[in-house]
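A short worksheet on the structure shown next.
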Amino acid sequence: MSGETAVTGRDATGTPATTGGQRATGGQWRISVHKSCRRSGICAAAAPRYFSVGEDHRTRPAAEPVDPDPELIEVVEACPAEAITLTDLATGRPVEAAREAAAEGATREARP
Amino acid sequence: MSIDETPPAFPFPAPDTFEPPEEFRRLRERAPVARVTLPTGDRAWLLTRYADVRAALVDPRLSRAAAEAPEAPRMGNTTPGPKTILGMDAPDHSRLRRLVMQAFTARRVEALRPRIEELAEEQIRLVLVAPRPVDLMSCYALSLPIKVIFELLGVPYEHVDRLHAWSEVIFSLGGHSVEEVKEARGSIIGYLRELIEQRRQEPADDLLSVLVHARDEGQQLSEEELLDFAMIIMTVGHQSTANSLGTALFTLLHHPDQLELLRKKPELIPGAVEELLRFNPFVFTGTQLRVATEDLTIGDTVIRKGEAVIASLGSANHDEDVFADADRFDVERAPNVHLSFGYGIHHCLGAQLARLEMQIALRTLIERVPDTLRLAVRSDWLTWKTGLTARALVNLPVTW
């Protein structure tokens with residue numbers, strides 16, 4: 001059951017990546033909230049543009065793909081249930097993984 | 001109500017039974033945004049409906065930082081403090097929370113399970129060999145959460161007595177003077193200052209060292225924020241869990257059929273913990289008061305800038321609009337969308353840990369203590385204390 005996506009934004013349109021030079025992630029992001037959500041309301045309070053709470057008290061992500069926003073990464077990290085994932089629609093990979101890889105790459109490049 | 005009539009005193013009188021104060025029900029039906037008088041004499045708006053409470057807790061115009069201003073309305077003789085995570089709004093709040101969040105995620109907390117089970121087993125052995133009646137509050141409900149949070153933070157257990165005594169003073173609503181509260185707080189801070197110096201010399205694998213590192217290497221928080229943060233984690237981290245656990249055990253002893261059900265079906269325990277948290281009729285606010293940073297409207301009521309708003313989690317958790325037969329205690333209730341840990345950015349940092357501790361404590365008690373377990377005195381002989389956001393038991397004598 002864990003890891004199963006309970007509520008996601010509507011079908012991704014797979015908007016083409018706007019690969020702008022140094023950007024770690026190129027495409028729009030899809031937000032998913034998993035069943036492990038414990039309804040802390042942290043995401044809905046911190047980023048009301050991206051999350052809403054339905055009549056059934058469940059947290060829902062913005063329905064459409066969204067433009068990359070560092071605020072979302074903070075919200076993902078703030079979720080105590082670790083129930084939110086961001087998918088980079090250009091690569092189909094989780095945004096976090098791409099970001100970490102980019103950070104690693106940057107570290108390597110920075111070495112003399 | 002005429003203009004000069006004094007609004008009713010809040011918190012409302014303690015219930016004698018497991019019924020939440022009747023006032024909550026009346027207000028939810030007739031005056032969901034009601035003027036009340038606080039113990040300090042200050043006034044506040046009291047929200048009692050689930051929908052209003054939850055909306056208020058995600059409203060950035062209802063500020064915790066503004067509630068820490070010197071002239072702000074006060075609930076009692078103490079507030080968490082402007083340099084604590086409980087007294088801040090974004091972005092300061094998020095900056096501090098981020099520093100320790102990783103220690104409190106569901107996954108990290110789950111990894112503590114074997115250790116918490118070990119500690120619960122240690123405690124239950126003490127309960128089993130103690131002369132009866134045995135006080136479950138001091139021997140179990142209090143000592144288990146203290147041991148867990150002291151170990152996590154890195155506070156030596158040998159200093160538990162004075163640290164607990166000081167935190168009792170800080171968390172009492174009106175039971176101690178402003179001076180006494182200030183002195184107790186100063187004592188805890190002094191103690192932690194020394195402990196932090198030790199960690200600077202010799203870092204350890206604990207949360208205090210994580211915070212010291214964030215201060216010294218990353219300049220991510222000030223020295224005052226570091227001290228206050230450690231104080232909040234240590235004090236809230238054991239007080240709130242102990243009080244909730246004590247009330248939970250009392251509730252189960254008062255509902256033997258439900259306790260019996262858990263003995264037969266221990267797999268119901270996680271859900272039972274959620275229901276115990278929801279049902280707790282002794283929570284009057286459950287969260288700190290907020291102050292409006294601009295004029296705003298809740299329902300038909302205009303709240304003016306500078307006025308205090310209290311979102312009663314205790315009342316919200318008994319709102320019939322959300323919980324069918326809300327005053328009934330039902331360990332099988334599902335779904336259970338209670339607000340006992342708050343909602344929004346201030347949602348309890350230790351919620352996952354508290355849940356796990358309560359689950360383990362219940363399971364261990366049920367498995368190890370004979371099923372003749374019962375309260376040793378009439379329930380109206382029990383002693384209660386009034387904390388900043390809830391009433392809690394001072395003792396819980398049981399026998400079997």
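What you see is a predicted model, and the numbers here were worked out from it, not measured in a lab. A note on names: the letters A, B, ... follow the listed sequences, proteins ahead of strands, and every chain is numbered from 1.
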*asked:* Under a 4.5 Å cutoff for heavy-atom pairs, which residue among A/Ala46, A/Ala45, A/Ala83 has the most contacts with chain B?
replied: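 Of A/Ala46, A/Ala45, A/Ala83, A/Ala45 has the most heavy-atom pairs under 4.5 Å with chain B.
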*Can you name the residues of residues 86-93 of chain B that have some heavy atom under 4.5 Å away from a heavy atom in chain A?*
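None at all.
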*Is any residue of residues 50-57 of chain B within less than 4.5 Å of chain A by heavy atoms, and which ones?*
B/Tyr50, B/Arg54
*Should B/Val58 and A/Phe51 count as side-chain neighbours, where that means a heavy-atom distance under 4.5 Å?*
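No, too far: nothing below the 4.5 Å cut-off.
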*asked:* Let me confirm one number: the OG1-CD distance from B/Thr105 to A/Glu77, rounded to the nearest 0.5 Å.
replied: 11.5 Å
*For the atom pair NE2 (B/His347) and CZ (A/Arg38), what is the distance rounded to the nearest 0.5 Å?*
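Interatomic distance, B/His347 NE2 to A/Arg38 CZ, rounded to 0.5 Å: 8.5 Å.
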Answer with side chain, backbone, both or neither: which region of [X] has an atom nearer than 4.5 Å to a non-hydrogen atom of chain A?
X: B/Val322; result: side chain
X: B/Glu274; result: side chain
X: B/Phe341; result: neither

*At their closest point, which heavy atom of B/Ala106 faces which heavy atom of A/Ala81, and how far apart are they?*
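B/Ala106 and A/Ala81 have their closest heavy atoms at CB-CA, 4.3 Å.
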*Which residue out of B/His346, B/Arg98, B/Arg107 racks up the most heavy-atom pairs below 4.5 Å with chain A?*
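So the answer, after comparing B/His346, B/Arg98, B/Arg107, is B/Arg107.
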*asked:* Check this for me: does any side-chain nitrogen of one of B/Arg97 and A/Glu74 sit under 4.0 Å from a carboxylate oxygen of the other?
replied: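 A salt bridge is absent here (no side-chain N lies under 4.0 Å from a carboxylate O).
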*asked:* Check this for me: B/Arg115, atom CZ, are more than 12 non-hydrogen atoms of other residues, nucleotides or ligands nearer than 6.0 Å?
replied: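 Yes, CZ of B/Arg115 has more than 12 neighbouring heavy atoms, counting only those of other groups under 6.0 Å.
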